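Numbering of ligands and ligand atoms starts at 1, following listing order. Remember, it's a predicted structure, so these values are computed and weren't measured experimentally.
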Amino acid sequence: MRVLICGGGVIGTATAYYLAALGAEPVIIERAGIANAASGKSGGFLALDWCDGTPLGPLARRSFVLHKALAETLPSDYGYRTLDTLSVTATDDSESAYAHPALLNWLADAAIVRGRLGTTETTAQVHPASFTKALADAAVEQGGRTQVGEVTGIQLSAKGSAAKGVVVGNELLEGDAVVIAMGPWSILACNWLPLPPVYGLKGHSIVLRPAQPVSPHALFVDVQDHGGNQHSPEVFPRPDGSVYICGLSGTEDLPVDPNRVATDAASTDRLLAITKTFAPQLAQAEVIAAQACYRPVTTDGLPLLGRVEGLENVYVSTGHSCWGILNAPASGEAMAQLVTAGTAETVDLRPFDPRRLGPSPRSAAAE
Ligand SMILES: Cc1cc2nc3c(=O)[nH]c(=O)nc-3n(C[C@H](O)[C@H](O)[C@H](O)COP(=O)(O)OP(=O)(O)OC[C@H]3O[C@@H](n4cnc5c(N)ncnc54)[C@H](O)[C@@H]3O)c2cc1C
């Protein structure tokens, strides 16, 4: 069974990996390079129970377990490790706070630990680009393949009830099933399919290389900058010695071409200025990446995971918002089961059924 997966982010590559494990032949069609977008530029932070109490809870718990299993199975080292996660506030008010000895050499005196948000049992991290590529490589190793190209449409059978394949550039690529996994660019598929809209929310991030190693603690920080504005940067030291920091959003519209996602010097400077308020030495470190990306969001904040209405072999997996790296394994596993066997065994996909949201007005116009 050849399955055409549109998009080589973490959701597409995880789906490909689990499809290949079930004996299918996944073909990942990617316009700008595996992990070029949010899947290569995100924090890569993972949490077992932070989605509990929401429909995402079981997906996240299953994913957290699968992440551990994948780190033991996949041949490449992509920086998976468990770590403690702390809440930090930069303030003079030290009431109910405690000093954390491991953080003293890299945080400002005014930065105090408010509490523990996660332990090595409940929080972990990966390097997201390396993880996404490791999944793609493992899918190829098991009989799948990747193809560079821009998906520009879908070709339906004469009866219109199934897809014959997808249009890549101007050519038809035939397959037995199609999975739309283009992150925020899945909105383009609304021109071809009755799909709810997916939007892109821009976020800036920087990766620093400090001269001195910092302790393995993920930090969720609350700070006020000198202008009195409140910020909530997220700080993820990585096993390779670098430190990833995000927490600054942007308002620019998603460009149609993923290669055109731009960052700007002003956003980098602002992130460094925010960093300086709670970790002045870190803010002096070499900037090894200054980047921006778009996370895919739906109108109700939940992903779209399931079959597309009215088409027997077309599926969608997108809209994972701020938890796409975490939730990729269980999403990919369940989608692979759905595509090959008609039902997902490991997670209940009903809360994520794309039919819960009406099709985009674009889809109506395309019909
Ligand atoms: C700043 C930031 C920090 C984040 N931190 C975390 C975190 O710590 N933990 C976590 O779990 N999640 C995090 N996320 C969320 C996570 O990054 C996303 O949910 C996830 O990467 C989405 O993956 P995706 O595969 O759906 O989309 P993408 O990564 O956007 O991949 C979609 C792919 O489709 C391709 N494409 C687009 N158009 C076409 C076309 N026409 N034809 C073919 N291919 C096409 C693109 O080139 C791209 O490679 C963060 C997001 C942001 C923005």
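Of all protein heavy atoms, the one closest to atom 38 (N) of ligand 1 is W185 CB, 3.5 Å. Scanning the protein heavy atoms around atom 9 (N) of ligand 1, the nearest turns out to be F45 O, 2.9 Å. With hydrogens left out, the protein atom closest to atom 52 (C) of ligand 1 is C293 SG, 3.9 Å, a heavy atom. The nearest heavy-atom contact from the protein to atom 4 (C) of ligand 1 is S42 CB, 3.3 Å. Regarding atom 11 (O) of ligand 1, its nearest protein heavy-atom neighbour is L326 N, 2.8 Å. Of the protein's heavy atoms, M182 SD, 3.5 Å lies nearest to atom 40 (C) of ligand 1. The protein heavy atom nearest to atom 33 (C) of ligand 1 is E30 OE1, 3.5 Å. Looking from atom 41 (N) of ligand 1 to the surrounding protein, the closest heavy atom is V151 O, 3.1 Å.
When the heavy-atom distances from atom 5 (N) of ligand 1 to G247, G43, G7 are ranked, the shortest goes to G43. Distances from atom 28 (P) of ligand 1 to the heavy atoms of S39, A47, G332 put S39 nearest. Nearest residue to atom 19 (O) of ligand 1 from S321, C322, A38 is S321 (criterion: closest heavy atom). Summarising the contacts of atom 43 (C) of ligand 1 with K41, Q291, R31, the nearest heavy atom is found in R31.
No side-chain heavy atom of V65 sits under 4.5 Å from any side-chain heavy atom of K68.
When all heavy atoms are compared, the tightest approach of M1 to V339 is CE-O, 3.4 Å. Shortest non-hydrogen contact noted between I28 and G8 is CG2-CA, 3.7 Å.
Listed by atom number, the atoms of ligand 1 under 4.0 Å from E150 heavy atoms are 41 (N), 42 (N). In summary, the atoms of ligand 1 found under 4.0 Å from a heavy atom of I29, numbered by their order in the structure, are 43 (C), 44 (N). When each atom of ligand 1 is checked for a heavy atom of N36 under 4.0 Å away, the hits are 46 (C), 47 (O), 48 (C), 49 (O). Applying the 4.0 Å criterion to heavy atoms of I11 picks out, from ligand 1, the atoms 23 (O), 24 (P), 25 (O), 26 (O). Annotation for ligand 1: atoms under 4.0 Å from non-hydrogen atoms of W323 are 10 (C), 11 (O), 12 (N). For ligand 1 and G149, the ligand atoms under 4.0 Å from any heavy atom of the residue are 42 (N), 43 (C). Taking a cut-off of under 4.0 Å to the non-hydrogen atoms of V10, the atoms of ligand 1 that pass are 23 (O), 25 (O). Counting the atoms of ligand 1 from 1 in the order shown, those under 4.0 Å from a heavy atom of G9 are 25 (O), 29 (O), 31 (O), 33 (C).
Within a 6.0 Å sphere centred on CD of E252, heavy atoms belonging to other residues, nucleotides or ligands number more than 12. The environment of E171 atom CD is sparse: at most 12 non-hydrogen atoms of other residues, nucleotides or ligands sit within 6.0 angstrom.
Rounded to the nearest 0.5 angstrom, Q284 CD and L282 CG are separated by 9.5 Å.
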Query - Working for side-chain contact (heavy atoms from CB on, under 4.5 Å), residues V287 and R209 - result: CA-CA 6 Å; V287 179; R209 184 166 300 286; over 6 Å; no
Report task. Begin with the C-alpha distance, continue with both residues' side-chain angles, and end with the deciding distance and a verdict on side-chain contact (heavy atoms from CB on, under 4.5 Å) for D84 and R116. Result -> CA-CA 8 Å; D84 284 336; R116 194 181 300 275; 3.3 Å; yes
Requested in this report: Start with the C-alpha gap between F220 and L86, add the side-chain angles, then the distance that decides, and say whether side-chain contact (heavy atoms from CB on, under 4.5 Å) holds.
Outcome: CA-CA 6 Å; F220 286 74; L86 304 171; over 6 Å; no
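Between W323 and W50, the ring planes are perpendicular. Angles over 60° get that label, and only those under 30° would be called parallel.
Residue R295 has no nitrogen or oxygen atom sitting less than 3.5 Å from a nitrogen or oxygen atom of ligand 1, judged on distance alone. By the 3.5 Å distance cut-off applied to N or O atoms, C6 is not counted among the residues near ligand 1. The shortest N/O to N/O separation between G44 and ligand 1 falls below 3.5 Å. On a distance-only criterion, G203 and ligand 1 share no N/O pair closer than 3.5 Å.
Checked by atom type, the side-chain pair Q125/R238 shows no donor-acceptor distance below 3.5 Å. When only modelled atom types and interatomic distance are considered, T346 and Q337 share a side-chain donor-acceptor pair under 3.5 Å.
In summary, R62 and E333 engage in a salt bridge, as defined by a charged side-chain N under 4.0 Å from a carboxylate O. A salt bridge links R350 to D348: one of the charged nitrogens lies within less than 4.0 Å of a carboxylate oxygen.
Counting heavy atoms closer than 4.0 Å to ligand 1, residue Y244 contributes side-chain atoms (C-beta onward) but none from N, CA, C or O.
Under the 6.0 Å cut-off for aromatic ring centres, H67 and F131 qualify, their centroids lying closer than that.
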